[in-house]
Amino acid sequence: MAKTTEPVKMKLRKGDTVRVIAGKDLGKEGAIMRVIPKQNKVIVDGVNVAKKHQKPTRATQQGGIIDKDMPLHASNVAIVCGKCGPTRIGFKIDGETKTRVCKKCGGEL
Ligand SMILES: [Zn+2]
């Protein structure tokens, strides 16, 4: 039996291709660079980019404006299925193995 006290696990993983379904970057797609389970957020490559003014430091040698990908809430992105496009994640449990599947076509994600 699964422990009920376990923290909610995020369905999204690093490397997943997702499409933004809410907010200013609506419709953009990118790969997940990082998941932040504590905040239920993800950082998606090239999405929700904030321009940050960076002062020159010894480490970077130069200042200027840098692009920084800001975290998005996991509920604002949808995983992209190769067949169906944006979809929802379901699970297929086969013995000990839990596989993520597309809720529309049932294909593995
Ligand atoms: Zn699908």
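Order of listing sets the numbers, starting from 1, for every ligand and every atom in it.
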Looking only at heavy atoms, what is the nearest atom pair of Ala31 and Gly15, with distance? CB-O, 4.4 Å
Taking all atoms of both residues into account, what is the closest heavy-atom pair of Met70 and Ala50, and its distance? CG-CB, 3.6 Å
I'd like to check the side chain to side chain contact (heavy atoms under 4.5 Å, CB included) partners of Lys14; sequence neighbours left out, ordered by chain and number. none
Can you list every side chain to side chain donor-acceptor pair (under 3.5 Å) pair that touches residues 64-82, not counting sequence neighbours? Lys51-Asp67, His73-Ser75
Residues pairing under side chain to side chain donor-acceptor pair (under 3.5 Å) where one sits in residues 94-109, two or more places apart or in two chains, turn out to be Asp16-Arg100
Using a cut-off of 2.8 Å, find all protein N, O or S atoms closer to the Zn ion (ligand 1) than that distance. Cys81 SG, Cys84 SG, Cys102 SG, Cys105 SG
Donor-acceptor contact below 3.5 Å, side chain Asn48 vs main chain Leu72: no
